[in-house]
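What follows is one structure encoded as structure tokens, with my remarks underneath.
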Amino acid sequence: MAAAKTTEKAARPAEHVAIIMDGNGRWATNRGWPRLVGHRKGVERVREIVRAAPDMGVRWLTLYAFSTENWKRSTEEVLGLMAIFAHYIQREANELAREGVRLRFIGDRSRLAPKLQRLMAGIESKTAHLDRLNLTVAINYGGRDEIMRAAKRIALEAAEGRFNPEDLTEAAFSRALDTGDTPDPDLVIRTSGETRTSNFLAWQAAYSEYEFTETLFPDFTPAEMAAILARFGNRERRFGGAKA
Ligand code: IPE
Ligand code: IPE
Ligand code: MG
């Protein structure tokens, strides 16, 4: 019997890269500056990385910007981050569209300010027809929260007789998540030296490769990302299989 393909030399480039953008606060604090200065510098890096990603073979880029746990921070920092997101969307809208970037958001929007929610919906529809790069930004996102929301929705449909629980497959559950039809990430990168996932893509990253770099996000350049992607190409992904 021909063996199913269970191992894969990752010779093909990482098409979906997810980044836990961490270390903005420390970057600023190290310089004696307010944490928000680090977040603003982080946004500049996002712009560079988004521009460089397609030429690195990346077709999906998912960025963790604000977690369901980040509300624990000071009001000043939370409001400052929300203002930065709104500003980014407004300032980048034309540039993203020009570069063929489709921008979407994952996370629970219901807790965000109505104005921010409108900006998010606006840029999603403005860029919906583009596909040179599929950029997903996670705001008020938590992997567990996303799974809970999907599970609740499915349970409700089942209770109302609109969904047969026997039809619940991994594929159907994946589609019910915020990420919908987006493929799972090949590679998750976390900056700033922390080696944890902090509730990012709990379901989707089950078989992703991970790379951790000491670099704080405001110092993370497209060149470092390219070096990490080159390393990815030498990894052997086994998906539970054994070496032939
Ligand atoms: C940015 O880095 C990630 C966000 C939550 C916006 P941090 O703000 O967590 O920076 P550090 O980890 O405190 O240095
Ligand atoms: C994870 O970073 C969330 C984002 C990058 C948006 P945190 O800085 O919030 O994570 P912890 O608290 O160190 O786990
Ligand atoms: Mg952090």
Side-chain angles (χ1 to χ4, degrees), residues 16-50 53 60-89 91-92 103-113 116-117 119-120 135-149 177-179 182 185 187-205 208-222 224-225 228:
H16 183 176
V17 177
I19 306 179
I20 302 172
M21 308 185 290
D22 198 14
N24 293 349
R26 276 163 284 171
W27 184 90
T29 304
N30 289 346
R31 290 163 173 76
W33 295 338
R35 294 175 57 85
L36 282 170
V37 177
H39 295 314
R40 282 190 209 105
K41 182 71 183 172
V43 172
E44 296 309 311
R45 292 305 189 192
V46 167
R47 300 178 69 205
E48 293 171 19
I49 287 165
V50 165
W60 286 271
L61 180 66
T62 301
L63 304 176
Y64 202 6
F66 192 91
S67 75
T68 46
E69 288 72 41
N70 286 147
W71 299 103
K72 293 176 191 161
R73 299 187 180 196
S74 72
T75 308
E76 183 192 5
E77 183 169 354
V78 169
L79 291 180
L81 280 165
M82 295 298 154
I84 286 171
F85 300 147
H87 189 235
Y88 174 82
I89 295 170
R91 193 178 67 166
E92 293 301 296
L103 175 55
R104 279 177 288 187
F105 300 91
I106 54 172
D108 181 0
R109 300 176 194 209
S110 64
R111 199 173 162 184
L112 304 177
L116 180 57
Q117 290 187 42
L119 286 170
M120 290 160 70
L135 175 61
T136 302
V137 178
I139 298 182
N140 192 24
Y141 176 87
R144 288 185 175 184
D145 178 70
E146 178 191 40
I147 289 168
M148 286 294 300
R149 285 186 286 106
L177 295 171
D178 295 351
T179 42
T182 303
L187 174 67
V188 180
I189 300 170
R190 182 170 188 149
T191 59
S192 90
E194 309 295 352
T195 49
R196 54 179 170 265
T197 68
S198 300
N199 205 6
F200 191 40
L201 303 177
W203 169 280
Q204 299 89 336
S208 302
E209 301 290 322
Y210 277 84
E211 280 274 349
F212 299 97
T213 169
E214 294 289 325
T215 306
L216 302 174
F217 189 72
D219 292 326
F220 187 70
T221 58
E224 181 171 2
M225 180 160 147
I228 288 172

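Read the numbers this way: they start at 1 and go in the same order the structure lists the ligands and their atoms.
Within the 4.0 Å heavy-atom criterion, neither part of Phe200 lies near ligand 2. When non-hydrogen atoms are compared, ligand 2 lies under 4.0 Å from the backbone of Met21 (N, CA, C, O) but not from its side chain. Neither the backbone nor the side chain of Glu194 has a heavy atom within less than 4.0 Å of ligand 1. The proximity of Ala65 to ligand 2, defined as any non-hydrogen pair under 4.0 Å, is limited to the backbone. No part of Lys72 comes within 4.0 Å of ligand 2, judged by heavy-atom distances. For Arg26, no heavy-atom contact with ligand 2 is shorter than 4.0 Å.
The name of the N, O or S atom in Asp22 nearest to the Mg ion (ligand 3) is OD1.
The shortest contact between atom 10 (O) of ligand 1 and any protein heavy atom is with Gly25 N, 2.9 Å. Residue, atom and distance of the protein heavy atom nearest to atom 8 (O) of ligand 1 are Arg73 NH1, 2.7 Å. The nearest heavy-atom contact from the protein to atom 13 (O) of ligand 1 is Arg35 NH2, 2.9 Å. Nearest to atom 14 (O) of ligand 2 among the protein's heavy atoms is Ser198 OG, 2.6 Å. For atom 5 (C) of ligand 1, the closest heavy atom belonging to the protein is Asn70 OD1, 3.2 Å. Counting only heavy atoms of the protein, atom 12 (O) of ligand 2 lies nearest to Arg196 NH2, 4.6 Å. The single protein non-hydrogen atom nearest to atom 2 (O) of ligand 2 is Arg190 NH2, 3.6 Å, given as residue, atom name and distance.
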Practice prompt. Check step by step if side chain to side chain donor-acceptor pair (under 3.5 Å) holds for Ser74 and Arg35.
Written response: CA-CA 11 Å; Ser74 72; Arg35 294 175 57 85; over 6 Å; no

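Residue Gly23 places a heavy atom under 4.0 Å from ligand 1.
Atom CZ of Arg144 has 12 or fewer neighbouring heavy atoms from other residues, nucleotides or ligands inside a 6.0 Å radius.
Salt bridge annotation for Asp178-Arg149: present, with a cationic side-chain nitrogen under 4.0 angstrom from a carboxylate oxygen. Salt bridge absent: Glu44 and Lys41 never bring a charged side-chain N and a carboxylate O closer than 4.0 Å. Between Glu194 and Arg26 a salt bridge is recorded (basic side-chain N to carboxylate O distance below 4.0 Å).
Atoms of ligand 2 found under 4.0 Å from any heavy atom of Ile20 (numbered from 1 in listed order, with element): 5 (C). Atom numbering of ligand 2 starts at 1 in the shown order; those under 4.0 Å from a heavy atom of Phe66 are 6 (C). Close approach of ligand 1 to His39 is summarised as follows: ligand atoms under 4.0 Å from at least one heavy atom of the residue are 1 (C), 6 (C), 8 (O).
With hydrogens and angles ignored, the 3.5 Å screen pairs no side-chain donor or acceptor of Arg73 with any backbone N or O of Val78. The main-chain N or O of Asp22 is found under 3.5 Å from a side-chain atom of Thr191 such that the two form a donor-acceptor pair.
The shortest side-chain heavy-atom distance between Pro185 and Leu201 falls under the 4.5 Å cut-off. Side-chain atoms of Thr68 and Asp108, non-hydrogen and from C-beta on, never get closer than 4.5 Å to each other.
Taking 2.8 Å as the threshold, Glu194 does not count as a candidate ligand of the Mg ion (ligand 3), since none of its N, O or S atoms lies below it.
No hydrogens or angles considered: nothing links the side chains of Arg104 and Thr182 as a donor-acceptor pair under 3.5 Å.
Between Tyr141 and Phe200, the two ring planes are perpendicular [angle over 60°; tilted spans 30° to 60°].
Residues Thr179 and Glu146 come closest through the heavy atom pair N-OE2, 3.6 Å.
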